[in-house]
Amino acid sequence: MASTYLKAGQKYYYATYRGPNGGRVHRSTRTTDKRAAQRQAAAWEEHARKVREGLIDPGAETIAQQRKRPIAEHVNEYIDSLHDKGSSARHVTETRAYIDSAVKALSWQTLRDIEAVKLQGHLAQHMRTAGTGVRSLNAKLVAIKGLTRWCVCHGRLASDPLGTLSKRSEAQDPRWVRRILTETEFGALLAATAGAPAICGMTGTDRVMLYRVLSVTGLRRGEAASLTPAGFQLNASGGPVVAVAAASTKNRRAAVQPLPAAVAALLGPWLASRGKDALLWPLPDKPRLRVLIPDLQRAGIDPGNWRAGEAV
């Protein structure tokens, strides 16, 4: 039987009853009225009995409560989880922006408001009016679905309301047709860039070294942008290498790439002139559009199928 009592020095009555797991529960009723406290204690005990007997699913109750919370709280907690698992600052920032944009445009107040059809329509409409490509649409969809999947995994949703949505094929809308430069073209790019004006704080020589390193290592933009002279071990026992810290790689694992001796010989004097901890290539947003394409055009090389303004 549930009962109530007053703790010494306390004004609120406490209830004690047999909980959902069979043990005794002591809980403040937050009332100074004994009869109200007794009614509350009896109600809690009855609820616990139904949970023990399987008449109430506590998980369903939790989900029902979570679905009533403001969606902003879920978004904040999801973003915190991305920080906690070590996602890059750029990924977190972009994810937040994509989610916030959808929440605002579709007037989502709680998780109950999320509907796949309406989100799909919103993204398609944005694609038509803003002229963005399939790649951008997919990035937005992946970010928003990340939130709903996380809510399912953490008992906030019983199922994913966006589970029926899938990415579009980017082959249907190529914003950039990638190809490998010929040896002649690459030589022309280096020659034209060497004496070119600075772009985004990088001299022509800086960019020549960047292109040489990228051509022999296959490093990604973020990986290259994170490098300092300390990352280059030109006198390593096994041969010259460049090391990228785990925080800057896509798979969050430290990476070491070998460097041809000829490239290492060119890098040595250039690296010696730089500060030990200085970023070698402070690449801007859209570096292909703002850095590579101008250099390609300067060298008389067709940059290919691209559209100004697209995040390539």
Side-chain angles (χ1 to χ4, degrees), residues 1-88 91-92 95-96 98-100 102-103 106-119 141-166 251-253:
M1 291 283 297
S3 60
T4 59
Y5 62 94
L6 274 175
K7 285 186 176 182
Q10 298 289 324
K11 64 178 182 179
Y12 295 126
Y13 279 91
Y14 273 74
T16 178
Y17 59 94
R18 186 184 176 195
N21 297 323
R24 298 302 294 180
V25 175
H26 299 268
R27 184 175 176 184
S28 173
T29 64
R30 306 296 295 176
T31 180
T32 57
D33 185 294
K34 185 173 182 178
R35 289 186 178 181
Q38 290 172 336
R39 288 193 297 271
Q40 181 64 77
W44 282 339
E45 185 172 59
E46 178 63 10
H47 181 273
R49 180 189 66 79
K50 290 180 178 179
V51 171
R52 288 195 307 272
E53 295 176 2
L55 301 177
I56 292 178
D57 180 359
E61 281 196 322
T62 299
I63 288 175
Q65 293 168 358
Q66 292 288 347
R67 282 165 56 87
K68 296 177 183 178
R69 292 175 60 202
I71 196 168
E73 294 181 4
H74 296 287
V75 174
N76 289 338
E77 289 159 12
Y78 173 56
I79 294 300
D80 287 344
S81 76
L82 294 181
H83 281 295
D84 292 342
K85 76 175 186 179
S87 296
S88 69
H91 172 68
V92 173
T95 298
R96 171 119 221 181
Y98 293 151
I99 294 174
D100 286 347
V103 168
L106 295 170
S107 301
W108 290 346
Q109 300 298 318
T110 68
L111 295 177
R112 292 179 295 187
D113 297 325
I114 300 177
E115 294 182 33
V117 173
K118 290 185 178 180
L119 175 62
L141 178 60
V142 168
I144 300 166
K145 288 187 68 174
L147 168 66
T148 55
R149 285 197 302 271
W150 178 81
C151 286
V152 172
C153 291
H154 290 80
R156 300 170 185 232
L157 284 171
S159 60
D160 188 351
L162 304 181
T164 58
L165 300 184
S166 58
N251 62 6
R252 292 297 179 264
R253 296 178 182 177

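The figures that follow rest on heavy atoms only: side chains count, while hydrogens, waters and symmetry mates do not.
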Decide side chain to side chain contact (heavy atoms under 4.5 Å, CB included) for Arg69 and Arg156; before the verdict, give the C-alpha distance in whole Å, the side-chain angles of both, and the deciding distance to 0.1 Å.
-> CA-CA 10 Å; Arg69 292 175 60 202; Arg156 300 170 185 232; 3.4 Å; yes
Apply salt bridge (charged side-chain N to carboxylate O under 4.0 Å, His left out) to Arg67 and list each qualifying residue two or more places apart in sequence or on a separate chain.
-> none
Excluding sequence neighbours, so at least two apart, what forms salt bridge (charged side-chain N to carboxylate O under 4.0 Å, His left out) with Lys118?
-> Glu115
Separation of [Y] [atom2] from [X] [atom1] (nearest 0.5 Å):
X      : Y      : atom1 : atom2 : result
Tyr14  : Thr4   : OH    : OG1   : 13.0 Å
Asp84  : Glu77  : CG    : CD    : 11.5 Å
Leu111 : Leu147 : CG    : CG    : 7.0 Å
Lys145 : Ser166 : NZ    : OG    : 6.5 Å

Within the distance-only criterion (no hydrogens, no angle test), does the side chain of [X] pair as donor or acceptor with the backbone N or O of [Y] below 3.5 angstrom?
X      : Y      : answer
His74  : Gln66  : yes
Arg52  : Gly19  : yes
Asp113 : Thr110 : yes
Thr29  : Tyr13  : yes

Have His26 and Tyr5 got a donor and an acceptor in their side chains that come within less than 3.5 Å?
-> yes
Between Arg27 and Tyr17, is a side chain to side chain contact (heavy atoms under 4.5 Å, CB included) present by the stated rule, with each step listed?
-> CA-CA 9 Å; Arg27 184 175 176 184; Tyr17 59 94; 3.4 Å; yes
Check against side chain to side chain contact (heavy atoms under 4.5 Å, CB included), Leu157 and Arg112 = CA-CA 9 Å; Leu157 284 171; Arg112 292 179 295 187; over 6 Å; no
Do the non-hydrogen side-chain atoms of [X] and [Y] ever get within less than 4.5 Å of each other?
X      : Y      : answer
Ile79  : Val92  : yes
Trp108 : Ile99  : no
Leu141 : Leu119 : yes
Tyr12  : Thr32  : yes

For a quick test of reading the model, state the closest non-hydrogen atom pair linking [X] to [Y] and the distance between them.
X      : Y      : answer
Val51  : Pro20  : CG1-CB, 3.8 Å
Arg149 : Val142 : NH2-O, 4.3 Å
Ala116 : Thr164 : CB-OG1, 3.7 Å
Val152 : Ala158 : CG1-O, 4.5 Å
Trp150 : Ser81  : NE1-OG, 3.5 Å

Contacts under 3.5 angstrom, residues 37-45 side chains, donor-acceptor by atom type, not counting sequence neighbours:
| unit_1 | atom_1 | unit_2 | atom_2 | d |
| --- | --- | --- | --- | --- |
| Glu45 | OE1 | Ala2 | N | 3.0 |
| Glu45 | OE2 | Ala2 | N | 3.2 |

If you count the non-hydrogen atoms of other residues, nucleotides and ligands that lie under 6.0 Å from CZ in Arg24, is the total more than 12?
-> yes
Starting from the C-alpha separation in whole Å, work towards a yes-or-no answer on side chain to side chain contact (heavy atoms under 4.5 Å, CB included) for Ile71 and Ile114.
-> CA-CA 10 Å; Ile71 196 168; Ile114 300 177; 4.0 Å; yes
